[in-house]
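Below is one structure, written out as structure tokens; the observations come after it.
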Amino acid sequence: CPLLPEIEFADVTAETYPLGTKLYYECDSGYMRRSGQYQGIQCERREQVASWTYSKFECIDKKILLSTAPTMVLDFTQTSERKTQSPAPQKRGNLSEFDRKDFCGPPRTIPHASIKLNKQHFVGQVLIWKCQSGYDKRPPTSGTSKCLKVNGKIIWTPLDMRCTNDS
């Protein structure tokens, strides 16, 4: 897909991800990845359905690492999918049978971590723009765009949105 349109004061998240997509968790400020754990996940077809492949991953408070206090180990090896910490709504239940075979829904939440959005997008990818904190969406307000192949040309559907902090 071509480069994404830029919207000032807006963040972009994804609703669905095509097969083969690799994403990476990043620990939030003040936390760090437990040593030896891999932060990557991949959208793969398993049992005729697209789903995420996860490794064990956790973010630990840096203050705890510097102390001698025992840490609690959380197990994140299950394969069920949950909503990300991004503002994108999970619409997994609304995906058609075709989409469930070729697209993964939002990855699950990991405490104290967020997903780093991939810079490369493919035909069928739907992205959602949300205004950053302190900014409001002003008309026109279409905040979604989809990468499509139209007449042999790959395009993003029109995104018509502004974010402003005007009163």
Side-chain angles (χ1 to χ4, degrees), residues 1-33 38-45 49-54 57-59 76 79-167:
C1 294
L3 292 175
L4 289 173
E6 290 188 31
I7 305 293
E8 192 174 26
F9 310 118
D11 294 317
V12 64
T13 59
E15 188 173 88
T16 60
Y17 299 86
L19 285 171
T21 299
K22 292 180 181 178
L23 296 176
Y24 299 90
Y25 287 98
E26 290 186 339
C27 292
D28 297 336
S29 179
Y31 293 83
M32 61 186 295
R33 174 178 55 93
Y38 182 63
Q39 68 268 31
I41 60 174
Q42 184 167 358
C43 179
E44 297 177 333
R45 188 183 318 271
V49 177
S51 57
W52 293 106
T53 301
Y54 294 92
F57 178 77
E58 80 181 293
C59 294
F76 291 105
T79 59
S80 64
E81 297 174 31
R82 296 187 328 207
K83 185 177 174 186
T84 64
Q85 289 184 337
S86 73
Q90 182 169 353
K91 294 187 178 179
R92 177 83 180 167
N94 295 337
L95 293 178
S96 70
E97 184 177 329
F98 171 79
D99 288 343
R100 281 180 277 153
K101 290 180 181 177
D102 296 314
F103 290 89
C104 288
R108 70 175 179 218
T109 302
I110 301 278
H112 314 296
S114 53
I115 288 287
K116 180 178 180 181
L117 190 62
N118 205 348
K119 299 282 186 211
Q120 187 176 20
H121 304 286
F122 300 92
V123 172
Q125 182 88 53
V126 176
L127 299 178
I128 302 165
W129 276 259
K130 297 277 185 178
C131 293
Q132 294 171 351
S133 180
Y135 293 86
D136 297 312
K137 201 183 281 189
R138 295 285 186 238
T141 59
S142 173
T144 62
S145 187
K146 186 173 185 175
C147 182
L148 300 175
K149 188 170 189 175
V150 178
N151 299 326
K153 186 176 179 184
I154 299 175
I155 62 160
W156 287 102
T157 57
L159 180 67
D160 205 5
M161 173 181 152
R162 289 186 315 138
C163 294
T164 179
N165 60 358
D166 297 341
S167 46

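All values below come from the heavy atoms of this structure, side chains included, with hydrogens, waters and symmetry mates left out. Starting from 1, each residue takes its place in the sequence as its number. Because the structure is a prediction, the values reported are computed rather than measured.
The nearest pair of heavy atoms linking Cys1 to Phe122 is SG-C, 3.3 Å. Annotation for Cys43 and Ala50: closest pair SG-CB, 4.1 Å, computed over non-hydrogen atoms. Taking every heavy atom of both residues into account, Arg33 and Cys27 meet most closely at N-SG, 3.3 Å. In terms of heavy atoms, Pro107 sits closest to Tyr54 at CA-OH, 3.5 Å. Between Ile154 and Cys147, the shortest heavy-atom distance links the atoms CG2-SG, 3.5 Å. Annotation for Met161 and Gly143: closest pair SD-CA, 3.7 Å, computed over non-hydrogen atoms.
With sequence neighbours excluded, the residues that form a side chain to side chain contact (heavy atoms under 4.5 Å, CB included) with Gln42 are Lys22, Glu44. Every residue meeting the ring-ring contact (aromatic ring centres under 6.0 Å, His included) condition with Tyr135, not counting sequence neighbours, appears here in chain and number order: Phe9. With sequence neighbours excluded, no residue satisfies side-chain hydrogen bond (donor to acceptor under 3.5 Å, both in side chains) with Asp136.
Looking at Pro111 and Glu58, their side chains never come closer than 4.5 Å, going by heavy atoms from C-beta outward. Contact check for Thr21 versus Gln120: no side-chain heavy atoms found under the 4.5 Å cut-off. Residues Val126 and Lys146 meet the side-chain proximity criterion, which asks for heavy atoms closer than 4.5 Å. Counting heavy atoms from C-beta on, the side chains of Leu19 and Phe103 never come closer than 4.5 Å. Leu4 is not listed as a side-chain neighbour of Leu159, based on a closest heavy-atom distance of 4.5 Å or more.
Here CG of Leu127 is found 8.5 Å from OG1 of Thr16. Values are rounded to the nearest 0.5 Å. Note: Thr144 OG1 to Lys130 NZ = 10.0 Å, rounded to the nearest 0.5 Å. One finds the CD1 atom of Ile110 at 13.5 Å from the CD atom of Glu26 (value rounded to the nearest 0.5 Å).
Judged by distance alone, the side chain of Thr53 and the main-chain N or O of Ile41 form no donor-acceptor pair under 3.5 Å.
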Worksheet item: For Cys163 and Trp129, what are the C-alpha separation, side-chain angles and deciding distance, and is it a side-chain contact (heavy atoms from CB on, under 4.5 Å)?
Response: CA-CA 10 Å; Cys163 294; Trp129 276 259; over 6 Å; no
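Classification of the Tyr25-Phe57 ring pair by plane angle, with boundaries at 30° and 60°, yields parallel. The aromatic rings of Tyr31 and His112 lie parallel to each other, their planes meeting at an angle below 30°, with 60° marking the opposite boundary.
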